[in-house]
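First comes the structure, then the notes that go with it.
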Amino acid sequence: MNNTNDEILLQELAEQEYKYGFTTDIEMDIAKKGLSEDMVRFISAKKNEPEWLLEWRLKALRYFHQMELPTWQNFRHPNIDFQDISYYAAPRKKPQVNNLDEVDPELLSTFAKLGIPLDEQKILAGVVAVDAVFDSVSVKTTFREKLKEVGVIFCSFGEAVQEHPDLVKKYLGSVVPQTDNVYAALNAAVFSDGSFVYIPKGVNCPMELSTYFRINAENTGQFERTLIIADDGAYVSYLEGCTAPMRDENQLHAAVVELVALENAEIKYSTVQNWYPGDKNGVGGIFNFVTKRGICKGNNSKISWTQVETGSAITWKYPSVILKGDHSVGEFYSVALTRNYQMADTGTKMIHLGKNTRSRIISKGISAGFSHNSYRGQVKISPGADHARNFTQCDSLLIGDRCGAHTFPYIETRNNSALLEHEATTSKIGEDQIFYLNQRGINSEKAVGLIINGYAKEVLNQLPMEFAVEAQKLLAISLEGSVG
Amino acid sequence: MLSIRNLQASIEDKQILRGLNLEVGAGEVHAIMGPNGSGKSTLGNVLAGRESYNVTGGSVTFDGKDLLSLSPEDRAREGLFLAFQYPVEIPGVSNINFLKTAVNEIRAYKGFSPMEAKDFLNMVKEKQGLVEFDAKLANRSLNEGFSGGEKKRNEIFQLAMLQPKLSILDETDSGLDIDALRIVANGVNQLRSKENAFILITHYQRLLEYIVPDFVHVLYKGRIVRSGTKELALELEEKGYDWLKETVDAEAEKAI
């Protein structure tokens with residue numbers, strides 16, 4: 001074979017490893033580094049927030065200072081100097097959300113490069129509304145007028161605080177309190193923006209809602225907050241995507257997502273997480289320390305989490321459901337792919353409180369290179385949760401012999417009528433499978449992509465169609481160079 | 001089309017092929033028979049480029065190209081097809097999606113654009129009929145939960161879809177009942193043409209009643225020890241492999 005050609009090909013593959021690694025040259029307002037009461041006051045003032053919210057933030061900051069970093073996770077907690085992070089960065093030209101022409105063209109081209117069409121006509125023939133968050137602020141929310149007609153509120157968190165303070169006050173922190181954990185406390189203190197969704201009673205949200213998060217500035221952290229409320233009988237499907245430039249230093253992303261489903265309501269939340277994972281030697285990358293939790297507050301409500309996790313140096317999150325309403329349903333579908341020196345410790349918690357509550361957990365881990373991939377899940381049945389049911393399946397797939405897959409399932413049941421099932425498998429991609437595909441003209445990289453997508457199919461099938469295709473490509477691209 | 005000269009190959013330091021010669025021309029069907037352990041399956045795997053086999057000597061030319069220097073996928077793209085003795089299962093990957101990928105990879109290698117979805121589906125329909133392959137199986141995961149016979153039929157269906165120049169059928173008849181054997185053989189017979197060639201690797205003469213070969217070769221201890229026509233297969237069937245072993249071993253002793 002032609003060696004030079006091979007070398008060029010390999011080099012190209014290595015260089016295009018993370019195709020979202022560019023930075024955008026744009027005028028930014030970046031706060032000086034450091035975490036303090038003054039910084040919290042600065043952010044709150046920038047956002048023109050009411051007094052109660054400032055107090056709420058300050059309370060969170062006090063908790064943060066009292067809390068210690070956890071030690072139970074299955075990776076070594078990196079040293080993070082919280083004083084060496086800037087907690088606020090915003091494009092200087094404040095875009096007006098009503099007119100696309102007023103958005104900085106550099107910013108628009110950034111989102112275009114990411115494949116996110118902000119031009120409303122182009123947005124997937126009108127089936128998706130987008131909120132784009134660039135560093136600390138939301139720059140553009142599309143389709144607001146159309147959504148308004150049916151009473152759906154979809155806006156940046158900052159706007160929600162101004163325009164719907166009662167809703168924000170009622171639900172903010174109701175699922176993930178400021179004291180929940182150290183990173184939730186940090187987020188509560190310094191969060192700068194995020195998305196807010198309210199679906200009124202009986203409304204079936206007419207389109208997919210989605211938010212794209214982009215970290216651009218150096219030495220900044222991203223701390224966004226998402227709050228979604230589905231009122232009685234409402235339905236919404238929501239998707240978030242995330243990317244960041246390639247940088248040698250690690251950047252912290254500590255988000256909080258809260259979901260509230262009232263009676264007969266359903267929320268479907270999908271994530272395609274593709275933060276910069278660091279280079280092949282494990283240098284750089286995002287620390288993705290996120291708290292995501294939903295509550296099925298009303299009877300017959302349903303919350304479904306689907307996540308495709310391919311990015312970040314360290315992913316640490318457990319999208320969970322509190323099943324409070326009787327007959328409520330919680331679901332968690334996850335594909336987590338790690339390679340090189342990536343670490344993932346992810347899973348879910350299903351807390352059964354109501355009667356006849358059901359939960360389903362499908363977790364598919366894929367580890368390659370020197371990476372470690374852990375599933376950690378908790379299923380808790382409380383005394384009042386008569387006839388609760390859970391089905392858990394966690395599968396691990398290993399590529400190569402230097403990576404690790406770990407499972408930590410915790411089950412706690414205090415009700416004898418509960419029915420719990422747990423299945424787990426560990427497998428390797430077989431050489432004979434790859435050779436079979438080779439023999440049909442498919443090269444090894446593509447063969448692994450096919451096998452991985454087959455393995456993850458159960459989860460990918462849960463994604464909205466447009467994004468399932470993206471996720472499939474992402475899984476295949478992320479594995480380039482992992483074979484052989 | 002295919003020219004094998006003095007091919008030697010080993011697996012885990014055990015020498016299997018010890019100087020094999022074979023010429024296959026376009027339009028020809030060759031049967032390779034032999035007792036267990038004679039190197040029949042090794043030949044198929046070496047030609048297809050399986051990594052665990054080491055070629056220790058000799059050469060193979062395929063359509064003027066040095067076959068042994070090509071990667072397994074490029075051999076397939078050049079038109080070499082191996083119908084596996086034990087087809088693997090790949091959970092979650094639909095048969096159709098897999099075939100579409102394979103067809104388009106081969107097309108891309110030849111400089112053609114991907115096939116239109118409509119043309120592809122028409123081709124699937126046509127070829128399914130050829131090997132009486134159940135349309136439901138085509139939409140299921142690749143070989144997952146298929147019976148032995150269904151897997152073998154899927155191999156022939158893939159063969160029909162990929163239209164290779166040279167097809168090597170590695171004991172495709174093993175584990176098939178008479179009906180399935182007839183269907184598989186029918187499929188192969190319809191696919192025979194002046195442009196393509198087949199190598200049938202088989203232990204039994206039975207398959208050759210349905211697919212009549214132009215040449216029959218007997219492989220023993222890694223070498224072709226007898227070549228002939230269909231009659232050779234019948235003779236073998238009648239007298240058994242032990243007869244062959246004895247005569248060949250005796251000849252070898254005489255030669256020393």
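Below, chains carry the letters A, B, ... as their sequence lines are ordered, and counting in each starts from 1.
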Side chain, backbone, both or neither: which part of [X] has a heavy atom under 4.5 Å from chain A?
| X | answer |
| --- | --- |
| B/Arg50 | both |
| B/Asn143 | side chain |
| B/Pro164 | neither |
| B/Glu78 | neither |
| B/Tyr109 | neither |

In terms of heavy-atom pairs under 4.5 Å, which option from B/Leu82, B/Ile106, B/Asn104 contacts chain A the most? B/Leu82
Is there a donor-acceptor contact under 3.5 Å from the side chain of A/Gln439 to the main chain of B/Leu80? yes
If you tally heavy-atom pairs under 4.5 Å against chain B, which of A/Asn443, A/Ile451, A/Leu437 wins?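 Counting heavy-atom pairs under 4.5 Å, the top option is A/Asn443.
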Pairwise distance [atom1]([X]) to [atom2]([Y]) - rounded to 0.5 angstrom:
| X | Y | atom1 | atom2 | value |
| --- | --- | --- | --- | --- |
| B/Leu142 | A/Tyr436 | CG | OH | 5.0 Å |
| B/Tyr86 | A/Asp432 | OH | CG | 13.0 Å |
| A/Lys457 | B/Ser141 | NZ | OG | 4.5 Å |
| A/Lys446 | B/Glu105 | NZ | CD | 3.5 Å |
| B/Glu73 | A/Glu445 | CD | CD | 10.0 Å |

Take a 6.0 Å sphere around [atom1] of [X] and say whether it holds more than 12 heavy atoms from other residues, nucleotides or ligands.
| X | atom1 | value |
| --- | --- | --- |
| B/Asp119 | CG | yes |
| B/Lys165 | NZ | yes |
| B/Gln190 | CD | yes |
| B/Glu51 | CD | no |
| A/Arg389 | CZ | no |

Is there a side-chain contact between B/Thr101 and A/Leu450 in this structure, where contact means two heavy atoms from C-beta onward sitting under 4.5 Å apart?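 Result yes, sub-4.5 Å side-chain heavy-atom pair found.
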Would a 4.5 Å heavy-atom cut-off, applied to side chains only, mark B/Val88 and A/Phe435 as touching? no
Note: A/Gly441 and B/Ala76 closest approach over all heavy atoms is N-CB, 3.4 Å
